[in-house]
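Okay, so here's the structure we're looking at.
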Amino acid sequence: MTTIVSARADRAPTSGVSPGRTRALAAQQRFPARAVPASWPGTERSRAEAARLLSRPPYTLENAGSELHHKHGIVMVLDWLEDQPGQTWQERWQTSGIEQTGAAWRQVIKQWLHERGLKAAWRMPVVGRTLTTVISAELLRPSVGWLAAGASRQGVLVRSMAHSRDPEGFERLRKLGAQAQGVRPGAVSTTLCRSALILAAKGGTLADITVGDVLELLETQAVVLKRTMLGTEVFYRLLHQLGALGEDAPQNLREVRNQGQRTAEELIDRYGLTCRPIRDLLVDYLRERQPAPDYSSLKSLSYHLGKCFWQNIEHHHPDADSLRLAPDVISQWKQRIRTRDKTVTGPEGQRISAKVERLNHRDTLPGAGLLPGYRPVGAGGARPLGPVGGTEPREG
């Protein structure tokens, strides 16, 4: 295969998706989440049946004043839902428009109360708690997106689910978290909240949660909340120890996301290369090499070409868009690969920075260099990409 001497093109990221999220999306395809059916027995209940259900244990409250508010809440929530088009409680929920408002859903019901001349000040807190009870009783199932946006107060939802839906399961999950070595209480609380969100969206108990349900929630939270999700490994591990996720579920979340052999595109896209033509060139090269080496060698090759070579070049020379690199650029790159900065103690006890040789730099620079036969500008152009030896170090 012959390299492209110059590869000028748009320098947008390869897909606009980070390598980590690419792996997450690929894992979701391997482990699909449970689909929510259009209807189920709970959502088909009549108004009278729903009211009776919500007025009996385990949905009633011990405090007399709270129970009185709870009864008012049942009437208001069921009245509001009955005003929406649909034959089941789920259909009415979906046609109400409340899903599209996310965390601002309260304004929808406030407006409904206002149109009926009812003051929202004391009614909205009651409506919020009752809506959580309606969800726990499986009269309706909000979408994962609505729940991930923080539309439901998660502490209230956990208490409701733990009290009425799956008391034994939540108690076991809480104990597993408390007994787990090195797991902070905050991570346990997050696990309980995420588990309650899945039950709210999918129905059933903790034992019914699947690997796909976990992946769907974590991905949705990352997108909706726009921040890195913490405690994900603990969340998965505790559910696995609980006996959820299925008999054949991988032991940990990392194994789920890295399961199976990655394609040439996935191997290169781990490094988020900016120059599309060079990225495509490396992908094509890996595809041609794929039948020959074993997967471990192919993965190592992608690491040296994608990360050690071109990602390093792009970091120090953001405008680089060709393999026709100037001699000084190649020389500087080789020096960076060969050495690293290390803080050492000088003869007089002072701390100084020094260049030390990397132990494995010869894995990236075998023989004559990463691209055997490559000649920089002025030396006859570029030659074909060549094999790279060595083993890919473990990452993070």
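Below, each value reflects all heavy atoms present in this structure, side chains not excepted, and no hydrogens, waters or symmetry copies. As the structure is a computational prediction, the values presented were derived from the model and not from experiment.
Judged as a side chain to side chain contact (heavy atoms under 4.5 Å, CB included), and not counting sequence neighbours, the contacts of P58 are H163, S164. With sequence neighbours left out, the side chain to side chain donor-acceptor pair (under 3.5 Å) criterion links T205 to D208. Partners of Q111 by side chain to side chain donor-acceptor pair (under 3.5 Å), not counting sequence neighbours, listed by chain and number: E115. In this structure R184 satisfies the side chain to side chain contact (heavy atoms under 4.5 Å, CB included) test with no other residue, sequence neighbours excluded. Under the rule for a ring pair (Phe, Tyr, Trp, His ring centres under 6.0 Å), the partners of W93 that lie at least two apart in sequence or sit in another chain are W146. Residues satisfying the side chain to side chain contact (heavy atoms under 4.5 Å, CB included) criterion with Q107, sequence neighbours excluded, are K110. Legend: residues meeting side chain to side chain donor-acceptor pair (under 3.5 Å) with E138, ordered by chain and number and at least two apart, are R141. With sequence neighbours left out, E216 forms a side chain to side chain contact (heavy atoms under 4.5 Å, CB included) with Q28, A33, V144, K202, T220. When the side chain to side chain donor-acceptor pair (under 3.5 Å) test is applied to S66, the partners found at least two apart in sequence or on another chain are N63.
Applying the side-chain contact (heavy atoms from CB on, under 4.5 Å) test between L253 and each of V234, L215, V211 identifies L215 as the sole match.
In this structure the side chain of L54 reaches within 4.5 angstrom of the side chain of L139, judged on heavy atoms. Side chains of V108 and S96 form no contact here, defined as non-hydrogen atoms less than 4.5 Å apart. Here the side chains of V156 and R159 are in contact, with some heavy-atom distance below 4.5 Å. Using a 4.5 Å cut-off on side-chain heavy atoms (C-beta onward), E168 and E171 make no contact.
Counting only residues at least two apart or on different chains, the salt bridge (charged side-chain N to carboxylate O under 4.0 Å, His left out) pairs with a member in residues 67-80 are R47-D79. The side-chain hydrogen bond (donor to acceptor under 3.5 Å, both in side chains) analysis of residues 116-127, with sequence neighbours excluded, yields the pairs D83-R116.
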*Go through the steps to decide whether S195 and L173 satisfy the test side-chain contact (heavy atoms from CB on, under 4.5 Å), and finish with yes or no.*
CA-CA 10 Å; S195 301; L173 186 60; 3.6 Å; yes

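The ring of W333 has its center closer than 6.0 angstrom to the ring center of F309.
Counting Ile, Leu, Val, Met, Phe, Trp and Tyr side chains that sit under 4.5 Å apart, directly or through other members, W40 shares a hydrophobic cluster with V36.
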